[in-house]
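Accompanying notes for the structure given below.
Predicted model, so just to flag it, every value in this text is computed and none were measured.
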Amino acid sequence: MSSIVSEKATMTYSDALAVKLRNAMTNEFAWIWVGTALLFAVSAAVAPGTIRAASIYSMLPFAGILAIVAAGQTIVIQQRGLDMSLAGMMTISGLVFAKLGFVTGSLLIATPVTLVLAYVFGVFNGLLVSRVNITPIVVTLATNAILLGAIRTISGGSPMSAPSELAAFSHQTLFGVPMTIILALLFIIFISVVTRRTVFGRRFVAVGANPAAATAAGVPILRYQVATYGIAAVCFAVAGILFAGFIGSASQTAGNDYLLPAIAAVVVGGTPFTGGRGSVVASGVAAVFMVQLGQMVLALGAGTAVQLLVQALAIILAVTVRYLPELFRGK
């Protein structure tokens, strides 16, 4: 009798394990982990220099910066939006931080002022999208144009040197891990925990999934939608500051190279444009994927045009892969 019970328990455990494994493999956010592992395997075969310790160590800081930007873009897309002011926000944040750093001589003043200004611009975007009901892409493109004008005024057409303290901080490591990666992990963990484990997060997902139903349930959707753009702008600002510190200067075009890769990281990570569902963790992993993909293509001698083509193909492939879980479940 006991052996029969034991056999049933074993079968139940095996079945449960099989179900968990199948759910993990068909999870819409799990594919990026497999894809990233395969990318590194392919890199080892066709461009072995890109997986050496020195190459990976030089790649990680930029992956960390892209992950922070992608985290901000992810939560906007979860609210059925798209923030095209990302490039301008990154650029102007680096410039404002550098200018305030030299004028005040204190990063303790430059940091909160820069982040508050970024949040204000983000709230401005959110109000125009949510309150005035203007299409997100139109609003954020207009905001980006305003930021570009401010960038030219502040910079005077020339790059500005980053404060030495910021440069030192951006190049710091903790137990061998670049500071940009550590900050990216902190951003991703915080946003992931808040959106998945708190009442605020559940309401945030509900607003993104179905604003009308959330309103009927008494959720103040305007507050969540506006705050989303504000928080995303802070993410872009932090990334812009770190980028300026890492390269040693704040230029007029610092954020341009992060607009399309950030959107690509969100899409490749599996976050749909339909709102509600999303994963900043998957977007963070996708940021590593995108940077490593760029490194591999560059190592193969491809030009900028080919790199952009590869990014576009990665997005198309990611969108295609998104439907594979549904096919598996259908079977």
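Under a hydrophobic-cluster definition in which Ile, Leu, Val, Met, Phe, Trp and Tyr are linked whenever side-chain heavy atoms come within less than 4.5 Å, directly or via other members, L86 and L260 are assigned to different clusters. V103 and L95 fall into different hydrophobic clusters, where Ile, Leu, Val, Met, Phe, Trp and Tyr residues are linked whenever their side-chain heavy atoms come under 4.5 Å apart, directly or through other members. When the side chains of ILVMFWY residues are joined at heavy-atom separations under 4.5 Å, either directly or via intervening members, I247 and L298 end up in two distinct hydrophobic clusters. Put simply, V138 and F273 are part of the same group of oily side chains (I, L, V, M, F, W, Y) that touch within less than 4.5 Å, one to the next. V120 and V139 fall into different hydrophobic clusters, where Ile, Leu, Val, Met, Phe, Trp and Tyr side chains are chained together by heavy-atom contacts under 4.5 Å.
Counting heavy atoms from C-beta on, the side chains of F187 and V238 come closer than 4.5 Å. Side-chain contact between I77 and L82 is present, with at least one heavy-atom pair separated by less than 4.5 Å. Considering only heavy atoms from C-beta on, V281 comes within 4.5 Å of W33 through its side chain. In this structure, the side chains of P136 and Q79 stay at 4.5 Å or more apart for every pair of heavy atoms. Taking the side chain as every heavy atom from C-beta outward, V306 and V297 approach each other to under 4.5 Å.
Here the side chain of T253 pairs no donor or acceptor atom with the backbone of N256 at under 3.5 angstrom. Side chain of S85 to main chain of G88: no donor-acceptor pair is present (N/O by atom type, distance under 3.5 Å, no hydrogens or angles). Between the side chain of S106 and the main chain of L108, a donor-acceptor pair closer than 3.5 Å is present. Counting only distance, with no hydrogens or angles, the side chain of Q78 and the backbone of G276 share a donor-acceptor pair below 3.5 Å.
Remark: I32 CD1 to S283 OG distance equals 9.0 Å, nearest 0.5 Å. Rounding to the nearest 0.5 Å places CG of L141 at 10.0 Å from CG of N125. We find the CZ-CZ distance between R196 and R202 to be 12.5 Å, quoted to the nearest 0.5 Å. Once rounded to the nearest 0.5 Å, the distance linking CG of L128 with OG1 of T143 reads 6.5 Å. Going from atom OH of Y224 over to atom CZ of R203 covers 4.5 Å, rounded to the nearest 0.5 Å. Interatomic distance, T180 OG1 to L242 CG, rounded to the nearest 0.5 Å: 7.0 Å.
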Please walk me through it: do F40 and V288 pass side-chain contact (heavy atoms from CB on, under 4.5 Å)? CA-CA 10 Å; F40 276 94; V288 177; 4.2 Å; yes
Would M84 and I263 count as a side-chain contact (heavy atoms from CB on, under 4.5 Å) here? Give the steps. CA-CA 9 Å; M84 301 296 289; I263 298 173; 4.2 Å; yes
Verdict with reasoning, F236 to D83, per side-chain contact (heavy atoms from CB on, under 4.5 Å): CA-CA 10 Å; F236 304 154; D83 198 336; 3.4 Å; yes
Take T91 and L147 through the test side-chain contact (heavy atoms from CB on, under 4.5 Å) and record every step on the way to the result. CA-CA 9 Å; T91 303; L147 292 174; over 6 Å; no
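Sorted by first then second residue, the ring-ring contact (aromatic ring centres under 6.0 Å, His included) pairs that include residues 83-134, not counting sequence neighbours, number zero.
Taking all atoms of both residues into account, the shortest heavy-atom contact from V69 to A262 is CG1-CB, 3.5 Å. Taking each heavy atom of T228 and I75 in turn, the nearest pair found is CG2-O, 3.3 Å. S130 and L222 get closest at one heavy-atom pair: CB-CD1, 3.4 Å. Here the closest heavy-atom approach between residue A98 and residue A250 is recorded as CB-CB, 4.4 Å. In plain terms, the two heavy atoms of C235 and I191 that are nearest each other are SG-CD1, 4.3 Å. Considering every non-hydrogen atom in both P261 and M290, the closest pair reads O-CG, 4.4 Å.
Cluster partners of I189 are V193, counting Ile, Leu, Val, Met, Phe, Trp and Tyr whose side-chain heavy atoms approach within less than 4.5 Å, directly or via other members.
If you check the side chains of T74 and T271, you find no donor sitting under 3.5 Å from an acceptor.
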May I have the list of side-chain donor-acceptor pairs in residues 42-62 shorter than 3.5 Å, sequence neighbours left out?
unit_1, atom_1, unit_2, atom_2, d
S43, OG, L39, O, 2.8
S43, OG, Q292, NE2, 3.1
T50, OG1, A47, O, 2.7
T50, OG1, Q292, NE2, 3.3
S55, OG, G49, O, 2.6
S58, OG, A54, O, 3.3
S58, OG, S55, O, 2.8

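Among T140, I146, L148, the one residue that satisfies the side chain to side chain contact (heavy atoms under 4.5 Å, CB included) test with N144 is L148.
For CZ of F190, the number of neighbouring non-hydrogen atoms (other residues, nucleotides, ligands) closer than 6.0 Å is 12 at most.
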